[in-house]
Amino acid sequence: MKKFFEEFKAFALRGNVMDMAVGVIIGGAFTGIVTSLTDNFINPIINVLTGHETYTLNDVAGFASSFVSAVINFIILAFILFCLLKAINKMTSLGKKKEEPAAPTTKECPYCKSTIAIDATRCPHCTSQLD
């Protein structure tokens, strides 16, 4: 049972799964912005242009406040997701060891300053004998 939970944790915290989850959540929040835009701006403009309905100043202010509210909700949700993912990434990187830098494979010729193989005994560019 312990192995099952370890495998599930590795699956759930893998980059692709987290990216997909964030995409679905952000997509749902963005749907709220698009719905608010159509309900509070596009439909009233169409209603006024077709003469179907007239709006008072209070109605227009209500439309604007609803749209601003949807945008603020989206920004708050995106910020919370950002902080959550940042914390998850930090927690998953705690147990990992830092990679040691790879041994150099090239060096610089002291005479012509060209890049040459680390085990070269003679520079291929200036043919100088190397130490």
Side-chain angles (χ1 to χ4, degrees):
M1 191 68 165
K2 185 177 181 181
K3 185 179 178 187
F4 175 76
F5 285 119
E6 288 175 5
E7 289 176 359
F8 179 74
K9 179 183 167 189
F11 166 75
L13 295 179
R14 199 170 56 206
N16 296 344
V17 175
M18 296 301 288
D19 292 342
M20 185 177 67
V22 168
V24 168
I25 293 169
I26 291 289
F30 192 72
T31 301
I33 290 178
V34 172
T35 302
S36 178
L37 179 70
T38 55
D39 291 345
N40 296 315
F41 284 106
I42 296 174
N43 287 344
I45 290 172
I46 291 173
N47 287 339
V48 167
L49 291 176
T50 59
H52 184 264
E53 195 169 339
T54 58
Y55 297 104
T56 64
L57 194 55
N58 286 337
D59 292 336
V60 174
F63 294 150
S65 67
S66 295
F67 180 71
V68 169
S69 173
V71 170
I72 289 173
N73 286 341
F74 176 79
I75 291 171
I76 290 171
L77 180 73
F79 179 73
I80 290 171
L81 277 175
F82 172 76
C83 293
L84 182 66
L85 284 176
K86 194 164 180 80
I88 289 173
N89 289 338
K90 187 164 188 129
M91 286 178 19
T92 56
S93 69
L94 287 177
K96 294 182 181 176
K97 294 182 181 178
K98 293 185 178 179
E99 293 182 16
E100 294 180 17
T105 58
T106 60
K107 64 181 179 182
E108 188 176 84
C109 174
Y111 302 105
C112 68
K113 304 296 184 197
S114 299
T115 303
I116 57 174
I118 193 89
D119 57 349
T121 58
R122 187 177 290 271
C123 178
H125 302 287
C126 68
T127 67
S128 300
Q129 190 75 23
L130 303 172
D131 299 332

Determine, using the 4.5 Å side-chain heavy-atom cutoff (strictly less than), whether I88 and I26 are members of one ILVMFWY cluster. yes

Are L37 and V34 connected in a single hydrophobic cluster, I mean Ile/Leu/Val/Met/Phe/Trp/Tyr linked by side-chain heavy atoms less than 4.5 Å apart? yes

Measuring from atom CD1 of I118 to atom CD of E108, what distance do you get when rounded to the nearest 0.5 angstrom? 11.5 Å

Output the distance between atom CD1 (I33) and atom OG1 (T38), rounded to the nearest 0.5 Å. 12.0 Å

Let me confirm one number: the CG-NE2 distance from N43 to H52, rounded to the nearest 0.5 Å. 11.0 Å

If I compare all heavy atoms of N47 with all of T50, which pair ends up nearest, and what's the gap? O-OG1, 3.3 Å

Just checking L49: does its CG atom have more than 12 heavy atoms from other residues, nucleotides or ligands closer to it than 6.0 angstrom? yes

Take F41 and F63 through the side chain to side chain contact (heavy atoms under 4.5 Å, CB included) test and state the conclusion after the steps. CA-CA 7 Å; F41 284 106; F63 294 150; 5.5 Å; no

So how far is it from K107 NZ to I116 CD1, rounded to the nearest 0.5 Å? 5.0 Å

Might you confirm whether atom OH of Y55 has over 12 heavy atoms from other residues, nucleotides or ligands at distances under 6.0 Å? yes

Would you say F74 ends up clustered with L84 if hydrophobic residues are merged whenever their side chains have heavy atoms under 4.5 Å apart, either directly or through other cluster members? yes

Between F67 and I45, is there shared hydrophobic-cluster membership here, with clusters defined by ILVMFWY side-chain heavy atoms closer than 4.5 Å? no

Using the rule given for side chain to side chain contact (heavy atoms under 4.5 Å, CB included), can you reason through K90 versus K86, listing the C-alpha separation, both sets of side-chain angles and the distance that settles it, and then say yes or no? CA-CA 6 Å; K90 187 164 188 129; K86 194 164 180 80; 6.0 Å; no

Is it true that a side-chain atom of D59 and a backbone atom of T56 form a donor plus acceptor pair closer than 3.5 Å? yes

Just wondering, do L130 and P110 contact through their side chains at under 4.5 Å, heavy atoms? yes

Is it the case that the side chain of S66 and the backbone of G62 share a donor-acceptor pair, with hydrogens and angles ignored and the cut-off at 3.5 Å? yes

Do T31 side-chain atoms and G27 backbone N/O form a donor-acceptor pair below 3.5 Å? yes

Decide whether D39 and T35 meet the rule of one side-chain donor and one side-chain acceptor closer than 3.5 Å. no

Enter the distance from C123:SG to K113:NZ here, rounded to the nearest 0.5 Å. 11.0 Å

Please say yes or no: joined through hydrophobic side-chain contacts below 4.5 Å, possibly via intermediate residues, are L81 and F30 part of one cluster? yes

